[in-house]
Structures are given as C-alpha cells and as structure tokens.
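Below: the structure, in structure tokens.
In what follows, residues are counted from 1 in the order of the sequence shown. Counting convention: from 1, in listed order, for ligands and their atoms alike.
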Amino acid sequence: VELLQGIATTRAIRRFSSAPIPEQDLNRILFAASRAPSGTNRQPYRFVVLRDGPTPQAAKDLLAESFAEAWATKSAEEGYEEATPMSPRGRLGSAIQHLIDHFREVPVVVLVCTTPRHHSLIDGASVYPACQNLLLAARGLGYGGVLTGWHLAVERELKSLCGIPDDVVIAATIPLGVPKGSHGPLRRRPLRELVFEGQWGTSAPWAEDPQGTRFTA
Ligand SMILES: Cc1cc2nc3c(=O)[nH]c(=O)nc-3n(C[C@H](O)[C@H](O)[C@H](O)COP(=O)(O)O)c2cc1C
C-alpha cells in the first residue's frame, strides 16, 4: 500500500476473522510502532502483546467485561441505542457491539504502555504516534485494528495480572487481526474547516480535499 494511500484508508477495524497474525508479521508491525518519534527520543512506549495462554486470555476476559460496561454507559448516554441501523451512528454502534461480543476471540490485543514524565497531555505525544504507526503497518500488511481506551476501568487489575509496573500507564488497547470486510476511504471534515492560514478562522484557499472525497455528516 502506497504511504499516502494507506494513511487515507486506515479505518478503525472492529470485526476480525479468526485468522492468526504470524509472528513474522507481528514483528514487522511492532518494529514500525517502535520507529515512532518521542520527546528527546526517549521511547517511553512499551507493548504488551496478548495472544494465547492463561494470562493473556484472562486479560482479554477482563477487557471484554470492561468494554461491555463502558459501551453500555456510552451507548445509552449518547443515544446510540435509538440510531437507525444504516445511519453512520447505527453502523458505528453495531461495529462496536460486534467487537465487544467477540473481544475474547480477537487474535492479538496490544496494550500500548508508557511511563509518564510530565503528567500532562504532552506525555501522550510520545506514545500515540507509535499507536498510529502500529495501525498503519498493520494496514500495510493486510491487517486492521482500532485504538481504544476502554481498559481504564480495569487498568489496575490488568496491570497486576500482566505484571505492569506501578509507574507505567496503559495508553491504549489495540485489538488486531485480519479484517472481516475491508479498509476504505476515511470520512472526515472538509480540510477548509481544519486548516487556517495565518490566523485562526481564516481558511487556507489552497487547502482542498481531493476530488471525490466524502465527508462526515
Ligand atoms: C483517543 C481515541 C480513543 C478511542 N477509543 C475507542 C474506544 O474505546 N472504542 C472504540 O471502539 N473505538 C475507539 N476509538 C476509535 C475511534 O472511534 C475511531 O478512530 C474514529 O471513529 C474514526 O474511525 P475511522 O478512522 O474508521 O473513520 C478511539 C480513537 C481514539 C483516537
């Protein structure tokens, strides 16, 4: 996949086939993740890969419960339950529900961890680029995944189960596998709403989406 094409088509994938990810590919995906930039090149990111065996399975079980609880609250609060099935919201809701229903069977779950230094937003800047590299590399090799944050409610238990030190935080939980369905063009806001020239609010006349781009509603 050509780089810019990959960037424009790496969707959040929440439905996976049961196909495993061979270690050679997992290696390449995590190598790409580890090439991410970080402040002063400190590389505070670490990756705990959950596949098979008693501890990974127990961790996936814990995460599945946490995801289900978080989603139950969010879907009720944000009106996903009333969304019509074919609307963007309805489709997002059903993809999330599918992920939750099948979380225990996801071939690979990566806990992306970091050691915070500043205890502010800037700590994220040294770990989330690694998450995106990971997702892009997965896309490049025919896999898919989604960055999620629903480990929060069980983070303490999860850390204890996986032996993650106290001063380390879990920045993201990323399920990975072979997509059921396909990647495809991402929908975002028009570029003119996102890019300003010189000062806030002044659209840049040269900032245009490629022809045929579709936008979020
Ligand atoms: C910080 C962050 C947190 C996210 N948390 C979740 C999550 O807990 N569960 C989930 O299913 N998706 C989660 N996502 C995925 C977003 O819903 C997804 O990236 C967004 O809807 C865009 O999807 P698209 O790239 O397929 O258009 C998260 C993404 C980010 C960047």
Taking atom CG of D166 as the centre, does the number of heavy atoms from other residues, nucleotides or ligands within less than 6.0 Å exceed 12?
-> no
Return yes when R188 approaches ligand 1 closer than 4.0 angstrom through a heavy atom, no otherwise.
->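 In this structure, R188 qualifies as a contact of ligand 1 - some heavy atom is under 4.0 Å.
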Among all protein non-hydrogen atoms, which one is nearest to [atom], and what is the separation to 0.1 Å?
atom: atom 21 (O) of ligand 1; result: R14 NH2, 4.3 Å
atom: atom 30 (C) of ligand 1; result: L147 CD2, 3.6 Å
atom: atom 26 (O) of ligand 1; result: A12 N, 2.8 Å

Classify the ring geometry between W150 and W71 as parallel (under 30°), tilted (30 to 60°) or perpendicular (over 60°).
->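 Because their plane-to-plane angle lies in the 30° to 60° range, the rings of W150 and W71 count as tilted.
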Which atoms of ligand 1 are found less than 4.0 Å from any heavy atom of I96?
-> 11 (O)
Compute both the distance and the angle, then confirm whether R89 meets the cation-pi test with Y80: under 6.0 Å from the six-membered ring centre, within 45 degrees of the axis.
-> yes
Between CD of Q43 and OG1 of T114, what distance do you get to the nearest 0.5 Å?
->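 One gets 11.5 Å once the value is rounded to the nearest 0.5 Å.
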Just how far is it from atom OH of Y45 to atom CG of N133, taken to the nearest 0.5 Å?
-> 8.5 Å
Should R104 and D61 be marked as a salt bridge (charged side-chain N to carboxylate O under 4.0 Å, His left out) after you check the CA-CA gap, both sets of side-chain angles, and the distance that decides it?
-> CA-CA 6 Å; R104 290 175 172 84; D61 290 347; 3.1 Å; yes
Nearest heavy atom to atom 7 (C) of ligand 1, choosing from T148, T10, V146, belongs to T148
Examine G149 against ligand 1 and note whether any of their N/O atoms are separated by less than 3.5 Å.
-> yes
